[in-house]
Every structure is written in structure tokens, then in C-alpha cells.
Amino acid sequence: MENQMFCFQCEQTAGCTGCTGKAGVCGKSAATAALQDRLTGALIGLARAMDGGITGGGNAELVQQSLFATLTNVNFDDEALASLIDRVHAQRALLVPGCAACASACGRTADYDMELLWTAPEDIRSLKSLILFGIRGVAAYAWHARILGCQDEAVNRFLYKALFALGEDWGVEELLPIVLEVGKHNLTAMALLDRANTGAYGIPAPVTVPLTIEKGPFIVITGHDLHDLKLLLEQTAGKGINVYTHGEMLPAHAYPALRQYPHLKGNFGTAWQNQQREFASLPAPVVYTTNCLMPPRESYFDRVFTTGVVSFPGARHIDRDFTPVIEKALALGGYPDDRPMTGINGGATVMTGFARGAVLGVADRVIQAVKDGAIRHFFLVGGCDGSRSGRDYYTEFVKKTPADTLVLTLGCGKYRFNDLDLGTVGGLPRLMDMGQCNDAYSAIQVALALAEAFGCGVNELPLSLVLSWYEQKAVSILLTLLHLGIRNIRLGPTLPAFVSPNVLSLLVKQYAIAPITTPDEDLKAILG
């Protein structure tokens with residue numbers, strides 16, 4: 001390939017076709033993109049050495065960490081990526097110690113050349129991209145669960161199987177079943193993470209979260225990793241420092257084990273793509289725990305701390321010892337008075353915590369409200385936020401949903417409308433935030449439970465999915481929905497650049513996936 005780089009894994013990829021210049025839209029350089037490709041190629045070589053995962057799974061942690069590091073907005077640090085490549089090579093050498101010295105390399109366990117994937121025939125490239133980007137999402141969920149001591153060997157073995165398939169010269173017939181298998185194993189990984197989070201922090205319960213920042217020293221924590229937040233709360237207890245969530249960390253307020261800390265005060269800011277503006281003059285440090293890192297600007301670079309898989313060149317990386325963050329917060333001092341920080345639509349508070357335990361806890365009321373005609377329809381409007389134009393669609397869609405409908409949401413896309421007051425229906429809030437994108441399992445379980453209660457299939461429910469996507473966890477969730485046979489999903493703001501016309505035609509034919517149009521047209525089509 002003559003391009004300086006090639007990457008089309010996120011929704012905002014240049015021209016809706018692919019980033020090919022000196023840097024991607026996300027901010028990663030061509031050199032970083034090349035290292036991420038090399039790391040992926042090394043993982044494929046490791047999977048080949050393990051015969052597709054048939055033999056053992058002792059390298060599962062390294063595989064998960066490496067795949068997670070290649071997600072959009074996670075790791076921009078070339079040294080960190082090179083270190084992961086070396087670790088993968090070292091593990092492969094243990095499995096096939098004679099290969100490195102072989103004078104006539106067979107190529108079976110060598111690093112896979114990712115240019116072969118990016119230049120493959122269009123439909124093959126499309127299916128392999130769905131597999132690759134999907135397992136990056138699976139690995140992220142599995143990594144979060146692993147931190148809390150939960151893992152599943154079937155998921156680990158599948159990651160090897162999928163990586164192995166990426167390096168093979170297989171056709172559509174061999175690759176398509178693996179695409180759907182990604183969805184199957186992602187469901188297992190999400191269930192594993194759900195069990196890990198609720199086991200560690202309790203069952204989420206609805207809570208109103210203020211958007212006002214109180215005077216005095218504080219720390220903002222963003223990302224998805226609840227374990228990092230728990231450690232931060234423990235280490236800041238009694239130090240006169242308040243902690244505020246940002247982005248996908250907002251739903252942490254709903255967990256009893258986290259809510260018990262009185263210095264977990266509220267939420268600052270909105271979704272990930274706004275952080276360069278929101279953090280510019282913030283008199284406090286920011287901790288990045290997982291994906292959703294925007295390249296920090298100089299105005300706040302000295303206040304950036306990364307942990308876990310997240311890394312950025314020159315930024316201070318900590319190994320869950322938050323002492324440097326605490327010292328920075330005390331030195332900066334915070335605001336001299338309370339600062340109201342309203343939501344996008346002017347709201348002063350937001351609600352969260354309507355995970356499956358809370359929703360199913362009032363299932364009898366929901367079912368009766370449907371039978372009585374008080375609730376006509378359910379909408380799940382969720383997914384990723386982003387900066388590409390067209391995402392105002394989701395704000396307007398939610399605003400225009402009729403008063404006898406209920407809106408469920410999750411992911412950072414909710415920041416477009418989660419501070420709206422939609423009132424109540426059937427004695428329940430019309431807008432229910434189910435949590436992070438990591439909590440998609442809750443939404444799936446609610447849908448399955450409602451289908452069982454009404455004695456019908458999920459596709460027969462008065463339920464419509466209107467989803468926004470940005471990165472690879474969204475891809476894995478979409479594949480899980482397809483694995484479950486869920487149809488008529490509306491997806492936006494654009495369709496994935498890596499889905500070829502033939503593959504898209506197949507998805508439309510089998511699952512009736514459709515792009516969003518306008519709120520009025522889509523509501524009319526849904527409600528008839």
C-alpha cells in the first residue's frame with residue numbers, strides 16, 4: 001500500500017472510507033498505526049503457534065491486553081505498543097523455540113503481514129474486519145472482568161480461533177460463521193463482566209447525580225474501569241478531595257459499594273469527544289482508565305494521568321497508586337466556589353442506575369402499563385457519542401418520542417439527551433439510563449425477560465433499537481444482537497466503512513438493518 005497508514009475501524013474515519021495520511025482522525029500517527037498493525041500481526045502469529053487456540057490458554061491475559069490496546073482512543077504510546085509486541089514475540093518463542101533459528105521460515109508462525117488483510121478482496125476484507133474489530137471489543141470486556149477475577153476459558157480460546165482465522169486464506173463461507181460467533185462469545189464476555197461488577201460493587205439502583213462541582217480540590221476520572229474508581233475513592237478518603245465522574249464513568253454512582261463514599265460527589269462534563277474543551281482550564285487532574293482518550297492539549301497536559309491499558313507519550317502513567325494524582329489535586333486547589341456545570345440541554349442533574357435489576361424489579365408495573373395501554377412502545381436509544389455531524393439526530397429523536405413511550409439508553413451517546421426531563425409514563429421515568437456501553441448485557445436481559453413475560457419473541461415486542469456507534473465495542477455489541485437474531489436495528493450516524501456492499505446486503509436481507517434517516521421519518525416508520 002502506498003498510503004502512509006490505513007485505518008477504518010472507527011465511525012469517524014476520514015471521508016467515511018479510511019484514514020490514510022500522516023495521522024488518523026483520532027489523533028494517532030501513522031507510526032502508531034503501523035505499530036498497532038504489527039502488534040495485531042504478532043498476535044495472529046501467536047495464534048498460529050497455538051494452532052488456533054486448540055492448545056492451552058495461558059497467554060490469554062496478554063492477548064486481551066494487546067487487543068484492547070489497539071482499540072480506538074486507548075494507546076497512543078509507541079514505546080508501550082513496542083513493548084507489547086516484544087512480549088507477544090517472547091511468548092511465541094516459548095511455544096515454538098526452533099522457529100527463530102530456522103534458516104527456511106515456513107511463515108506459519110511468523111508475524112502476519114496486515115497489508116494482506118487490508119488489500120484482500122473487498123468482501124474478505126470486510127468479513128475479516130468484522131472479526132478483528134469485534135474481538136477487540138470482546139477483549140475489552142474480558143479484560144475488565146479479568147481485573148475483578150472473572151474469566152472464561154471458552155472466550156479465551158475463541159480469541160485464538162478468531163486470530164488464527166484472520167491469517168488464513170479462507171473464503172466467505174468459512175469466515176461468515178466466525179463473524180456471528182464473535183457475537184456469541186461477546187455475549188458471554190458481557191455476562192462475565194456484569195457478574196464481576198455486580199459481585200464487587202452490588203446491584204445498581206436509580207440515583208440522581210448532580211452536575212455541580214463543589215469548591216475545593218477535586219479529581220475527575222473518566223473511562224470505564226470501576227476498579228480504578230474504587231481504588232481512587234479508597235486512597236482519597238479523608239483527604240479533603242472530591243471525586244467526579246466523566247463520560248462513561250457516570251453510571252458508577254449507581255453501585256452501592258461506590259456510592260457509599262461521600263466524596264464521590266457528582267459528574268463533570270459530557271462525552272469523550274468534548275474533553276479537549278471541557279478540560280482546557282480545569283483546576284484539577286484527570287485520570288484516564290480505559291478507551292476514550294483524546295490526545296491531550298498542552299493547556300492541560302500536565303494534569304493528565306493514565307492507568308491500565310491507556311497510554312499517551314509523555315503523560316504520567318501510574319499503576320493504580322494514585323499518590324501523584326492526589327498531590328496534583330491538592331496543589332491545584334480546585335474552584336474557589338461551587339460551579340454549576342449544566343448538561344447539553346441545560347439540565348442541572350442526570351439520573352442513572354436503571355440496570356436490569358432496577359428495571360426487572362418493576363417488571364410487573366411495566367407489563368401492566370403495556371396491557372393497560374399506558375406504554376405503547378419501548379425505544380433503546382444508545383451507543384457511542386462522537387463529533388461527526390449528524391448525531392443531533394439522537395437528541396431530536398428522543399425529544400420527539402411520544403409521551404406514551406419509554407426510552408432506555410446506555411453508552412456515552414446518552415449525553416446528547418440524558419439531562420432532558422421527559423416526565424413519567426405508567427408511574428415510571430420515561431428516560432432510563434441503563435449504564436455504560438459495558439452494561440449492554442442489562443439491556444439484552446431486559447428485552448429477553450419482557451419477551452418471555454409477553455410470550456413472544458424479542459422481534460415481536462413493541463421495542464425498537466436506534467443505535468449510534470463509534471468504536472469496536474459497539475461492533476461487538478452489534479454482532480451479539482445479530483447472534484441473538486434481533487432484527488430491524490437502526491444504525492447511525494453513518495454505516496461502517498469496513499462493511500462492503502455485498503456484506504451489507506446480506507445483513508439487510510437477514511436482519512433488516514437500516515441506516516437512520518430523520519427523527520420524524522424513523523418515528524413514523526416505527527410507530528406506523
Side-chain angles (χ1 to χ4, degrees), residues 180 183-184 186-187 190-191 194 206 354-383 394 397-398 400-411 413-414 417 422-435 437 439-469 474 477-492 507-517 519 521-528:
L180 296 180
K184 170 187 173 182
N186 187 61
L187 180 63
M190 288 194 300
D194 179 85
F354 294 95
R356 79 176 192 279
V359 177
L360 296 181
V362 293
D364 55 340
R365 292 168 57 190
V366 174
I367 293 167
Q368 192 60 48
V370 173
K371 291 180 177 179
D372 293 343
I375 297 178
R376 176 174 33 148
H377 203 85
F378 300 88
F379 295 99
L380 175 61
V381 186
Y394 298 95
F397 185 95
V398 170
K400 292 182 176 182
T401 54
D404 59 353
T405 62
L406 194 151
V407 180
L408 304 173
T409 188
L410 51 78
K414 64 175 169 277
F417 49 79
L422 299 184
T424 61
V425 57
L428 301 168
R430 279 198 57 227
L431 179 59
M432 295 185 177
D433 175 14
M434 305 189 77
C437 60
D439 298 313
Y441 182 75
S442 266
I444 291 171
Q445 293 307 304
V446 166
L448 295 176
L450 288 175
E452 182 178 357
F454 286 110
C456 65
V458 173
N459 292 315
E460 282 70 56
L461 284 172
L463 168 68
S464 299
L465 277 63
V466 184
L467 307 181
S468 55
W469 81 283
I477 292 172
L478 177 63
L479 294 179
T480 292
L481 296 175
L482 301 186
H483 160 72
L484 293 170
I486 295 176
R487 295 171 54 84
N488 299 307
I489 298 169
R490 281 173 166 77
L491 184 64
L507 295 178
V508 171
K509 180 178 179 181
Q510 292 193 9
Y511 302 103
I513 289 179
I516 59 172
T517 58
E521 290 176 1
D522 288 345
L523 281 167
K524 181 178 180 181
I526 291 169
L527 298 175

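Across Arg365 and Gly426, no two heavy atoms sit closer than the pair NH2-O, 4.2 Å. Across all their heavy atoms, Ile375 and Leu406 have their closest contact at CD1-CD1, 4.1 Å. The two residues Pro206 and Ala358 come nearest to each other via the heavy atoms CD-CB, 3.8 Å. Between Arg430 and Ala403, the shortest heavy-atom distance links the atoms CD-O, 3.5 Å. The two residues Ala453 and Ile367 come nearest to each other via the heavy atoms CB-CD1, 3.4 Å. Here the closest non-hydrogen pair linking Ser464 and Ile526 is OG-CG2, 3.0 Å.
A heavy-atom distance below 4.5 Å is not found between the side chains of Leu478 and Trp469. Between Cys456 and Leu461 the shortest side-chain heavy-atom distance falls below 4.5 Å. The shortest distance between side-chain heavy atoms of Asn186 and Ile477 falls below 4.5 Å. Counting only heavy atoms from C-beta outward, the side chains of Thr401 and His377 never approach each other to under 4.5 Å. Considering only heavy atoms from C-beta on, Leu484 stays 4.5 Å or farther from Val458 through its side chain. Looking at Leu482 and Ile513, their side chains come closer than 4.5 Å, going by heavy atoms from C-beta outward. Between Leu410 and Ser442, the closest side-chain pair of non-hydrogen atoms is not below 4.5 Å. Looking at Met434 and Leu408, their side chains come closer than 4.5 Å, going by heavy atoms from C-beta outward.
Put simply, CG on Leu523 and CZ on Phe379 are 5.0 Å apart, with the number rounded to the nearest 0.5 Å. Summarising the geometry, atom CG belonging to Asn459 is positioned 6.5 Å from atom CD1 belonging to Ile486; distances are rounded to the nearest 0.5 Å. Taken from NZ in Lys414 to OG1 in Thr409, the straight-line distance is 6.5 Å, to the nearest 0.5 Å. With rounding to the nearest 0.5 angstrom, the CZ atom of Phe378 is 5.5 Å from the CG atom of Leu450. To the nearest 0.5 angstrom, Thr480 atom OG1 is 5.5 Å from Leu187 atom CG. Rounded to the nearest 0.5 Å, atoms CD1 (Ile516) and CD1 (Ile489) are 14.0 Å apart.
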- Steps toward side-chain contact (heavy atoms from CB on, under 4.5 Å) verdict (Ile444, Leu481): CA-CA 8 Å; Ile444 291 171; Leu481 296 175; 4.2 Å; yes
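Heavy atoms from other residues, nucleotides or ligands lying under 6.0 Å from NZ of Lys524 number 12 at most.
In this structure, Tyr394 contributes its side chain and Leu467 its backbone to a donor-acceptor pair below 3.5 Å. With Arg487 contributing its side chain and Gln510 its backbone, the two residues share a donor-acceptor pair below 3.5 Å.
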